[in-house]
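These notes are about the structure you will find just below.
Order of the sequence lines fixes the chain letters, A, B, ..., with proteins taken first and strands second; residue numbering starts at 1 for each chain.
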Amino acid sequence: MAEMTQWTIVRKPAQPAWVASFFITLFAILLSLAASSVLLVIAGVDVWEAFDALLLGAFGDMEGVAGSLVKAIPLVFAGLSAGLAFRARIWNVGQEGQIYAGSMLAYWLSTSVSLPSVLMIPLILAGGFAGGALLGATSGVLKSRFRVDEIVSTVMLNYVIVLFLSYLLSSKIWMEPGQYYMQTPQVVEASRLPSLFSGVNLHMGLVVAILALIAVQILLSRGTLGYAIRAFGWNPEAARFRGIDPKYMFVVVMVLSGGLAGMAGVMQTFGVDFRLTTTALQGLGATGIIVGVIAGMRPLGIGIAAVLFGSLAQGALFMEVMAGVSSAVVSAMQAIVLIVFISSSAFSRYRLMRVKSNV
Amino acid sequence: MPTTEHLRVERLTKRFGEVTAVDSASFDVRRGEVHCLLGENGAGKSTLSECLYGFYRPDSGRLFVDGHPVAFSSPRDAIAHGIGMVHQHFVLVTPLSVIENVVLGTHKSGWSANLTEARQRLAEICDRYGIQTDFNAKIWQLSVGEQQWVEILKALYIGAELLILDEPTAVLTPQESERLFRIIRRMTDDGLSVILISHKLNEVMQSDRVTVLRKGKIVGTVNTEETTKSDLVKMMVGRSVSLKAERRELSAGKPVLEVKDLAVNNDRGLRAVNGLTFQIRANEILGIAGVAGNGQKELFEALVGARKVEQGSVHLNGANVTNLSPKSMIDIGIGYIPDDRYRAGLVGEFDIEENLILGLQERAEFSRHKLLDVKRMAKFAQEAINQFGIVTPSSKARANTLSGGNAQKIILARELWSSKSCLLANQPTRGLDVGVIEYVHKMLLEKRSDGFAVLLASEELDDILALSDRIAVIVKGEFMGIFDAGSVSLADLGLLMAGQKLGTSVALEVE
C-alpha cells in the first residue's frame, strides 16, 4: 500500500457568469496591485506614497474623477471596436490607424464647412465614424475579396495612415501657419465637444460613449446582425451553411469596428486635444484592445474596464508628479493588469487539485 | 473461451457535477477475450472506459489488473499497467511519418529518436498481427482507416496488453472493418484483451461477451453466443424497438429535384462528384448507398449552395437553382440535414432557441425591425422540444451540452419546419441511438407522404433499404447505377459499394 500525492488540473463546475466575473475582477485587481508594488519597489519608489498619489489623482476630487472619465471615453470606443470584431473572430488590431483616420476625416470636415455647433458636432461624429469605417472596410474588402489576412492588413494600414498624416503636416497642407511644430491649428470652437457641467472638465462624449455601449449591447444580444456576428464568430462554417455570407460579415464587421475606433479619435481630438499631431492618439488603440479583451468582449465589462484604465492613466499623472514614478512604470502596470486578468479568467475555470491515490 | 481474469472493475462511480455518468459499475474482462461495451449515446460507455484509461478519476470504486488493486491518476499510469486506448478522434501529428508518430511520446524518444530500433520492433509487431502499413508514409497521406492502424500500433508499441477501442469502425469501410476484426482475433489469440465500444449490433455479435449499459448503470454481462440482437437492443433501450419502419406504397408525383451531369470539386480542387444525373419526384426517397468519402458530402454541399457547381445543372420544381447562395437555397425551401451536425448544422455555443432559427433569423416569424423576437423564439423552441421529444433542462441549454441525438433533433425540427418541397439528408442517423434512428426514419417517411422529394445518403444499408424507393450506389463520385428498391439485395449493394459491377443477371436501370 503506497500513497501517492500529486497535482492535477481539473475543470471547475460552471458558475453563473456574473459571480465568476466578480471574483475574477476582485482577485485580478488585488493581484495586479501586488505585482505592481514589486515593480515600484524595484524602481525605488515608496509604494504607499505612489498608490496614495494614484488614488488621489484618479478619485481625489471632482477634477480627478472628471479626468479619469475623460480618459475612459475614447477607451470605451476603442474597446467596443476590438470587442465587436473579436466576437466575430475577426482580428481587427488596426484600431490605432482607424482612430487616426476618424480624427483626420472629422478634422477635414471641421475645416471645410462652417456650421453652428448643433450641426457641426453631429457632422464630426459621423465623419469620425466614417473615417474609421473606411479604413476598416479596406481591410474587410481585402479579406473577403483577396483573402488578405486582416491582422496583417490592419497593422500595415496603421503605418499608412500615420505616415499620411505626417505628410499632410510636414508638407504644410495641414500645419499651423507660422509654427514649427508638426501640428494642426486648433479646431474651430463650434466643433469642440461641449462640457456637460459648467466648471467641470467633462465633455459630452461621456453621453455618446454610454449610448454607444447600450447600442452595441442591444445589437449583440437582440439584433439579427449581432446574432449573425455571434454565430459567425463561434462557428463560421455552420454560419456559412445557414446563409450567413462570410464575405459580407468581414466587410460589415470591419465597417462597424473601424467606425467605433474612429469615434474614439473624435473623442480625443475634439474633446481634449483640439488639434491633431502624429503622436496625440498613440497608444489608444492598443489600450482599447486590452480593454476589449479583459472585458471578455462584453459591452458592460468594456465600460468598466475603460474606466479602470482611464483612472489608471489619470492617477499616473499624479503619481509621476507626486511620487516621481516614471510613466514607463505606469505602462508596465497596465500590462500587468492585462496579464493578470487574462490568466485569472483561466483560473476561474480550472483549479489545481491535490489528488491522493491509494494503491 | 478464455477464463483468466485480466481486468476487474468494482462498483465504479463517476460524477460530473450533478450528473452521475457511471453509477456503481462492476464487470470484468478476461485475458484473451473481445469484450464489448454496448449502450446508447450517453449511457456511460466512454466515461467508463476513460476511467479505465486513467483519463478521468473515478469518484469511488476499485480497479484490479491481474487481481492486483490499481489506481490511475493519468493515462501514463494506465499505460504502465498495460492498458492502451484508441480514441474516436485520433491524436496524430499529421506532418510526421507513421514511425515518428509511434515513437513520439514514448519515454525513449528524448531529443532525437532512435528510429532504427523502433522500426525493428514495430516491424515485429506488424508481422505478428498481420498489420500492413508503410512506416515512412506521412499521416496526412493516409486514409482515416489507415490512421486508425497507426493509433493501434502506438498502443501496441508502448506495450498495451489490454486495448480499448472506442467505436473503431465508425470511420471504416465494411472491408476495412472485417480486416480489423481479423486482426483483433489474432491479437486475442496471442493473449491480448480487447474492450470494444460500439453500438453496431453486427460487430457486437462478433465479440466473446457483451456488457450492456443503460443510463450509467450496467444492465448485465452476457455471453455473445447465448444472446440475440433483439435481446441486446431490449437490454440497451429498455423496450423493444422495431427496426423496420412502416413504409406505405405511394406513387411518385411530378419531378421536384433534377440534377444533370453535375460535377463538383473537393477542398483540394479535385473532382469529387463526376457527372451525376438523377431526378427525384414528389413522394419519393432516393437513397444513396456508399462508403463515406465517395463524394456524398460534396454532392450535398453543392445542392445546398455551399460548394460551387463546376459543371452541370440543378433544377428545383422546374427553376434553375444552380450555384445559388446557401441563403437563397434555404429561402426557396430546401431542407438539409448535414453529416456533421456540429460543423455545418449547429452553433455549439448557441442555446436551443438560437439554433432553431439559425438561417431563419431574418424571417418575419422570428424578428421585427432587425431585432429578434425573443418571445416567439422561446415559444417556437418549446413547441419543438415537445414535438420532437428533445431531452433538455431548458430551451436555454447550449447545443454542445446536449447528446448527439438531441442535437440532431434540433436540426430536424428546424429543417422540417423550414423546408417546403425537398429534403436532403446526409448520414442522418450517424452516431444516433436506436430509438432516435427509429424517429428519424419516421420523420423522413412522413415528409415523403407529404409530397416531398427526399435525397438520403447513408453508410448504414439498413437506412437505405428501409426507406428508399430507388437506390443509387456512389463510388468515387460516380453512380454505379440507380435501382428500384426491390431489385437489389444487401449483398448486391455491398459489391457495388466496393466498386464491382453486377453481372448481367441483375436488371440495370441506369438513367
| task | Over all heavy atoms of both residues, which pair between B:L372 and A:S221 is shortest? Give the atoms and the distance, please. | result | CD1-O, 4.5 Å
| remark: What one should report as the nearest heavy-atom pair of B:P326 and A:F241 is CB-O, 3.8 Å
| message | For A:L119, is the CG atom crowded, meaning more than 12 foreign heavy atoms sit under 6.0 Å from it? | response | yes
| query | Between A:G243 and B:I330, what is the shortest heavy-atom contact and its length? | reply | N-CD1, 3.9 Å
| remark: Interatomic distance, OG@B:S367 vs CZ@A:R222, rounded to 0.5 Å, equals 11.0 Å
| Can you tell if the side chain of A:I244 reaches within under 4.5 Å of the side chain of B:Q361, non-hydrogen atoms only? | yes
| request: Could you tell me which portion of B:L346 (side chain, backbone, both or neither) has an atom closer than 4.5 angstrom to a non-hydrogen atom of chain A? | output: backbone
| field | Criterion side-chain contact (heavy atoms from CB on, under 4.5 Å) on B:L371 and A:T224, from CA distance to verdict | value | CA-CA 6 Å; B:L371 288 178; A:T224 51; over 6 Å; no
| request: Considering only NZ, NE, NH1 and NH2 on the basic side and carboxylate oxygens on the acidic side, decide whether B:E362 and A:R242 come within less than 4.0 Å. | output: no
| said: I'd like to know whether CZ of B:R368 has more than 12 heavy-atom contacts from other residues, nucleotides or ligands below 6.0 angstrom. | reply: no
| query | Is the count of non-hydrogen atoms from other residues, nucleotides or ligands lying under 6.0 Å from B:R430 atom CZ greater than 12? | reply | yes
| task | Mind ranking B:R341, B:E301, B:R307 by heavy-atom pairs under 4.5 Å with chain A and telling me who comes out on top? | result | B:E301
| request: Give the member of B:E354, B:R62, B:M329 that has the highest number of heavy-atom pairs under 4.5 Å with chain A. | output: B:E354
| query | Is the number of heavy atoms from other residues, nucleotides or ligands within 6.0 Å of OH (A:Y248) greater than 12? | reply | no
| Interface moiety of B:R414 toward chain A, non-hydrogen atoms closer than 4.5 Å | side chain
| request: Report the option among B:D373, B:L360, B:I357, B:N355 that has the most heavy-atom pairs separated by less than 4.5 Å from atoms of chain A. | output: B:I357
| Got a sec: does the CZ of B:R363 have more than 12 other heavy atoms crowding it under 6.0 Å? | yes
| request: Step through the shown structure and confirm whether more than 12 heavy atoms of other residues, nucleotides or ligands are within 6.0 Å of NZ on B:K420. | output: yes
| How many angstroms lie between NZ in B:K327 and CG in A:D245, if you round to the nearest 0.5 Å? | 10.5 Å
| query | Quick check: does any side chain N or O of B:Y342 sit under 3.5 Å from a backbone N or O of A:A238, one acting as donor and the other as acceptor? | reply | no
| Going by the angle between their ring planes, with limits at 30° and 60°, are A:W234 and B:F350 parallel, tilted or perpendicular? | perpendicular
